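These notes are about the structure you will find just below.
Worth saying up front: this structure is predicted, and the values here are computed from it rather than measured. Below, chains carry the letters A, B, ... as their sequence lines are ordered, and counting in each starts from 1.
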Number of protein chains: 2
Amino acid sequence: MTDSTAPKSVTLHDVAREAGVSLITASRALSNPGVVSEKTIARVQRAVEVTGYIPNLLAGGLKSRRSLTVAALVPNIAVAQFLPTIKALTDVLDAAGYQLILGQTGYDHAREEALLGTMISRRPDGIIVTGLIHSQVSRDRLRRAGIPVVETWDLTDRPVDMAVGFSHVKVGSAIAGFFLGKGWRRLGIATGDDQRAAVRREGFLSTVGHDVPTAFVPAPSSLALGRQALSELLAKDPGIEAIYCSSDQLAQGVIVEAQARGLRIPQDLAVCGFGDADFAAHMEPALTTVQVDGAHIGKLAARMLLDRCRGEAVAQPVVDVGFRIVERGST
Amino acid sequence: MTDSTAPKSVTLHDVAREAGVSLITASRALSNPGVVSEKTIARVQRAVEVTGYIPNLLAGGLKSRRSLTVAALVPNIAVAQFLPTIKALTDVLDAAGYQLILGQTGYDHAREEALLGTMISRRPDGIIVTGLIHSQVSRDRLRRAGIPVVETWDLTDRPVDMAVGFSHVKVGSAIAGFFLGKGWRRLGIATGDDQRAAVRREGFLSTVGHDVPTAFVPAPSSLALGRQALSELLAKDPGIEAIYCSSDQLAQGVIVEAQARGLRIPQDLAVCGFGDADFAAHMEPALTTVQVDGAHIGKLAARMLLDRCRGEAVAQPVVDVGFRIVERGST
DNA sequence: CTGTTAGCGCCTTCAC
DNA sequence: GTGAAGGCGCTAACAG
């Protein structure tokens, strides 16, 4: 007579019985084989195969207080900018046995606060957020939860815990300085409407010393929005000489639209993007942009988190990865 | 004297004591408020605020056998193609209280098998994979684990459980038919080296009736690889008339390279992509491509999974979302 | 509407 | 090297 009830999933208990050892011995054979005899290990392993046992990490984690998960909060997964970071995070964490739990904040503080709550309730061993956490409620809750946190893609003197990023004010300022150094005076900005892009714009303006025509586009930015942005900017100043775009996608759109209008890049219009996306170096003309090593940010953040999980102190809780302007054909 | 020990995290027990009710009443007040009196709920909620309680989903899940997580396996997060699907998944699942656990298979079957194992050990309430699961070991394990599974971005008569996708053979065949209908006979292919791209190529070739010059590029494909692919194809056949590319990124590269060489699109060279990326409609010329509704795939997959989680039967376990060729300026 | 009892599956602590 | 208790934090199941 076969088992007609629900196929109760096989537990370590079943493995132990099959192997003729106690529960705890089976447990040790699998998770701490150093302290168990070879023979026992072999028997347990055979029992695992016979029974088709797959451990339950949730149960183990309850006792050991390690979920082997890391929560990652991004504004929007479809924003290509963060993909190298997410990829690096996934790779490094996976190699250490950790999996990523993904959440989207939608560039919305209330949403971020709620999401952080549900993430904490999953007891991740670490939390990585893109951008800084501004809500005081969230900052307090994270501190109280005692979960290691890395804020990324931005910098602050006062991180919740750790931070890996760069200064957006300096980026904006550097681009403005670069434009001014080229002798361009009629400038424009095509920018997303998120927090960090806004800070870059402020840095740009403060270096320029006055306001400049700006086209704002909603996130996530795209080639299509870039074309539209150029139309707006040309309407505001038909003699515009150089445009800073808050993403390479926008810059690509600006260039496509400019070329469609018969403008020569960079003679008639110079364009600088942000992010150094994979296509930036291979466009015609190649795109001048700001290189930020997103993969490096991800790798560092993951390593800092893992160090913390191992109980090691992190030497440098705030890391500035910097950035650099990569000058190419579009300027 | 303040507590000098580790700040033992506050549990439901503390909330119950603070509220002056039993543990289970506190539990119900939070997770099943319908069966508890208003007054009690208010007291418990006040106690939650006073204590700063954040529930432990891991513990609850152990008993209730619901982790409120869904595992998503993609070949590579950096492949833009799947982003709309992942985004839709995240959105729909999040609205239902589920979070996504992300894993990358790297287009590698052994890796996929291992990853599925670690995912199962996290006891997700559902698993979504891009592509079909070919390994028999994995198929058996998934079935035995009794976890709902949706295979996406492809179709099969024999899914592990459920499937949402379309036929890649038909896509390849449709593009070939489209090219032939235009009168083009000197054809070429620029394609990624993954399984599904290979199947599209086979569909293309079988409709054409003979082999055609092909440039293979490693995943993930990119604009740069597209430029390189065109160089290869022109070397193989300088008189090539039309090229099918396995992604819009590749197609964009082919077009950029063609334009850099002074070829006119589509008069000298016609190009068709795959995926209808956000930029495809806005290039110059706009890109003819195959539209696949990745967001729809994600939404459907999430809903099917959620239905299953609610114990409802899914009416149609295999859904063909189809595709269509969007004809634009590049052909 | 509220409480008591008994675990979920595993691992930590202590004994042998 | 192995084993027997006990409990992680919470929730089904049954009482009252």
Rounded to the Å, how far apart are A/His13 NE2 and C/dC8 P?
10 Å

B/Gln104 vs A/Asp94 side-chain heavy atoms within contact, under 4.5 Å
no

If we only count heavy atoms from C-beta on, is the A/Ile147 to A/Ile120 side-chain gap below 4.5 Å?
yes

B/Asp14 CG to D/dC10 P, in whole Å, measures 9 Å

Examine distances only and state if a side-chain atom of B/Arg122 and a backbone atom of A/Leu68 form a donor-acceptor pair shorter than 3.5 Å.
yes

So A/Leu12, base contact, sugar-phosphate only, or nothing? Heavy-atom distance under 4.0 Å.
sugar-phosphate

Are A/Glu113 and A/Ser135 linked by a side-chain donor-acceptor pair shorter than 3.5 Å?
yes

Would you say the side chain of B/Pro159 lies within less than 4.5 Å of the side chain of B/Glu151, judging by non-hydrogen atoms?
yes

Closest to side chain of A/Lys63, choosing from D/dG9, C/dT2, C/dC10
C/dC10

Counting distance only, does the side-chain N/O of B/Thr90 pair as donor-acceptor with the main-chain N or O of B/Ile86 below 3.5 Å?
yes

Nucleotide nearest B/Ser22 when distance is taken to its side chain, options C/dT12, D/dT2, C/dG3
C/dG3

Atom-to-atom span, CZ of B/Arg66 to C1' of D/dC10 - whole angstrom:
12 Å

Could you tell me how far apart B/Leu57 (CG) and D/dC10 (C1') are, to the nearest whole angstrom?
10 Å

Determine the contact category for A/Leu58: base if any of its heavy atoms lies under 4.0 Å from a base atom, sugar-phosphate if only primed atoms, P, OP1 or OP2 are that close, otherwise nothing.
nothing

Tell me whether the OP1 or OP2 atom of C/dG9 has a side-chain N or O from B/Arg123 closer than 4.0 Å.
no

Send over the distance from A/Ile54 CD1 to C/dC10 P, rounded to a whole Å.
11 Å

Does any part of the side chain of B/Phe82, heavy atoms only, come nearer than 4.5 Å to the side chain of B/Pro75, both counted from C-beta?
yes

Rounded to whole Å, CG of A/Leu23 lies from P of C/dT13 at a distance of 17 Å

If I take atom CD1 in residue A/Ile24 and atom C1' in nucleotide D/dG3, what distance separates them, rounded to the nearest angstrom?
9 Å

Can you sort out which residues in residues 25-39 of chain A have a heavy atom within less than 4.0 Å of DNA chain D? Ascending by number, please.
A/Thr25, A/Arg28, A/Val35, A/Val36, A/Ser37

Straight-line distance of A/Leu155 CG to A/Asp320 CG, nearest 0.5 Å
4.5 Å

Between B/Arg122 (CZ) and C/dC10 (P), how many Å, whole number?
15 Å

Over the length of the helix from C/dC1-D/dG16 to C/dC16-D/dG1, how much do the five-pair end axes diverge, rounded to 10 degrees?
30°

Partner of B/Asp161 under side chain to side chain donor-acceptor pair (under 3.5 Å), picked from B/Arg139, B/Arg308, B/Arg143, is B/Arg308

I want to confirm an ordering. Mapping B/Thr40 and B/Leu62 to their closest nucleotides on DNA chain C, which one lands closer to the 5' end?
B/Thr40

